[in-house]
A.B. asks: 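Got a structure here, written out as structure tokens. Questions coming.
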Amino acid sequence: MIEQFNRDGTLRHLITLANLNRTQLNALLDHAETYLVGHAHYAPREPRLLGRTVALLFFEPSTRTRVSFHLAATRLSADVVTLDGDASSRVKGETLLDTVRTLEAMHTDVFVVRTAEAGIPALLAGHIGRGKALINAGEAHCEHPTQGLLDVLTIRQHKPDIRNLCVAIVGDIRHSRVARSAAQALGILDVGELRLVGPEPLLPDTNEFDGAVRYAELEPGLRDADVIMALRIQRERMRKEAGIPSNDAYFKRFGLTAERLKAARGDVIVMHPGPINREVEISSAVADGPHSVIGRQVTNGVAVRMAVLARIAEGLSGTP
Ligand code: ASP
């Protein structure tokens with residue numbers, strides 16, 4: 001496994017949350033909080049990444065993650081370059097490693113990478129030079145560490161006593177990197193109870209998600225939950241859709257509606273990483289309703305990415 005911390009304790013890469021301890025995770029969340037000022041602003045621009053270059057390499061579609069990394073890097077005064085899958089030389093056959101080497105030759109300091117293939121962020125991190133950093137911005141079905149951070153930050157803001165919370169993740173957990181990273185972060189914070197709720201073909205194998213309880217029916221899975229995290233069905237990650245319900249059938253059985261929300265606690269919060277498929281995994285009434293913290297997750301995403309970049313800035317080599 002790639003070493004994510006430098007010898008002096010500064011953050012070198014962020015590939016996974018799996019091997020962070022509670023102190024390291026809370027330190028990142030606390031740092032993110034410092035960038036959140038009231039409801040209308042982030043903290044003023046900081047010079048931490050002045051003279052540094054951050055490259056956003058997105059080989060899978062992204063709206064929230066890409067834009068928030070861009071905003072986060074610019075708010076820390078970095079120069080930002082963006083490469084999308086189709087616009088890069090990868091379509092001409094260049095390997096990802098060569099693309100990274102090309103950007104390294106242009107003195108890129110931080111690589112933010114999203115890929116549909118598992119293992120790529122760690123592989124690239126193992127090849128980039130000393131004093132350079134890599135952040136995983138979404139890796140196949142496996143990991144999405146900054147999403148996991150923004151999710152637990154959002155939960156902590158609304159319900160700080162995480163050890164006594166019941167969190168229900170609902171939907172396509174089998175193919176979801178969001179669910180995996182959230183479960184890792186919640187595990188590190190010792191969540192009271194974690195439920196995985198969805199139709200059997202969308203639930204993960206039993207040996208994954210240590211300690212979580214599986215529910216193949218929605219209502220029992222939602223009963224008395226403090227937090228509900230709805231997920232999009234990841235049809236793009238399925239080799240065959242046999243056994244996967246149609247959108248209508250899914251909404252009938254697992255769609256989060258105001259009526260179904262009544263099974264949960266009265267002050268339940270409802271989360272969704274986006275993009276939302278309205279009237280598939282969640283009704284508009286719930287997505288836009290009083291329990292929804294979806295907008296807050298997006299706001300927190302910029303702050304969390306600023307915190308990760310700021311921590312990484314401490315370990316970059318040379319003076320910019
Ligand atoms: N935006 C999230 C991700 O990149 C969730 C999703 O696409 O459904 O994994």
Side-chain angles (χ1 to χ4, degrees), residues 14-18 56-72 82-85 112-121 134-155 167-186 196-199 201-204 208-209 227-238 241 244-245 247 250-251 254-256 270-283 286-287 292-305 308:
L14 186 63
I15 314 288
T16 177
L17 297 179
L56 309 181
L57 276 57
F58 277 70
F59 300 108
E60 247 200 352
S62 173
T63 305
R64 279 149 291 272
T65 306
R66 187 168 47 148
V67 172
S68 61
F69 264 114
H70 196 134
L71 273 177
T82 305
L83 271 189
D84 289 329
V112 178
V113 180
R114 165 169 292 197
T115 66
E117 299 119 292
I120 297 290
L134 189 137
I135 302 172
N136 183 351
E139 172 193 358
H141 63 284
C142 313
E143 312 257 5
H144 196 350
T146 55
Q147 178 76 40
L149 289 172
L150 77 87
D151 285 339
V152 286
L153 179 62
T154 308
I155 294 173
V167 178
I169 305 183
V170 181
D172 183 3
I173 297 156
R174 176 180 285 270
H175 304 99
S176 173
R177 55 192 176 210
V178 174
R180 284 178 178 77
S181 287
Q184 284 169 2
L186 287 165
L196 309 177
V197 189
L202 297 181
L203 288 176
E208 265 196 285
F209 292 83
V227 177
I228 299 172
M229 188 182 292
L231 300 173
R232 180 178 68 86
I233 301 181
Q234 310 275 299
R235 294 198 190 271
E236 73 273 29
R237 297 195 203 289
M238 297 175 192
E241 289 195 23
I244 310 298
N247 286 348
Y250 184 85
F251 188 66
F254 285 94
L256 274 185
V270 176
M271 306 171 67
H272 193 301
I276 293 176
N277 287 168
R278 288 170 185 265
E279 322 307 329
V280 179
E281 63 266 5
I282 192 166
S283 71
V286 174
S292 171
V293 294
I294 296 170
R296 187 77 200 167
Q297 286 174 271
V298 178
T299 304
N300 286 338
V302 175
V304 154
R305 287 161 184 137
V308 171

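One-based numbering, in listed order, for ligands and for the atoms of each.
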A.B. asks: Can a non-hydrogen atom of Q234 be found less than 4.0 Å from any atom of ligand 1?
C.D. replies: yes
A.B. asks: Report yes if E236 has an N/O atom closer than 3.5 Å to an N/O atom of ligand 1; otherwise report no.
C.D. replies: no
A.B. asks: Which atoms from ligand 1 have a heavy atom of V178 less than 4.0 Å away?
C.D. replies: 2 (C), 5 (C), 9 (O)
A.B. asks: So, using salt bridge (charged side-chain N to carboxylate O under 4.0 Å, His left out) as the criterion, who are the partners of R177 when residues are at least two apart?
C.D. replies: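 For R177 the salt bridge (charged side-chain N to carboxylate O under 4.0 Å, His left out) partners, ignoring immediate neighbours, are E60.
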A.B. asks: For R114 and T65, which I'm curious about, is there any donor-acceptor pair between the side chains at under 3.5 Å?
C.D. replies: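 Yes, because at least one side-chain N or O of R114 sits under 3.5 Å from a partner of the opposite role on T65.
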A.B. asks: Considering heavy atoms of the protein only, find what lies nearest to atom 4 (O) of ligand 1 and give residue, atom and distance to 0.1 Å.
C.D. replies: R177 NH2, 2.8 Å
A.B. asks: So is R305 actually on top of F69's ring, under 6.0 Å and inside 45° of the axis?
C.D. replies: yes
A.B. asks: Tell me whether G274 has any N or O atom under 3.5 angstrom from an N or O of ligand 1.
C.D. replies: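 Looking only at distances, the answer is yes, because the N/O contact criterion of under 3.5 Å is met.
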A.B. asks: Taking distance alone, with no angle check, do R232 and ligand 1 share an N/O pair under 3.5 Å?
C.D. replies: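 In this structure, R232 places an N or O atom under 3.5 Å from an N or O of ligand 1.
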A.B. asks: Would R232 and H272 count as having a side-chain donor-acceptor pair, cut-off 3.5 Å?
C.D. replies: no
A.B. asks: Under the 3.5 angstrom rule, does the side chain of R278 hit a backbone N or O of S283 as a donor-acceptor pair?
C.D. replies: no
A.B. asks: Distance under 4.0 Å to a non-hydrogen atom of R114: what atoms of ligand 1 satisfy this?
C.D. replies: 4 (O)
A.B. asks: Quick one: does P275 get within less than 4.0 Å of ligand 1, heavy atoms only?
C.D. replies: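 Yes; P275 lies near enough to ligand 1 that a heavy-atom distance drops under 4.0 Å.
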A.B. asks: Quick one: do D172 and R237 make a salt bridge, cutoff under 4.0 Å?
C.D. replies: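 Judged by the 4.0 Å cut-off on N to carboxylate O distance, D172 and R237 do not form a salt bridge.
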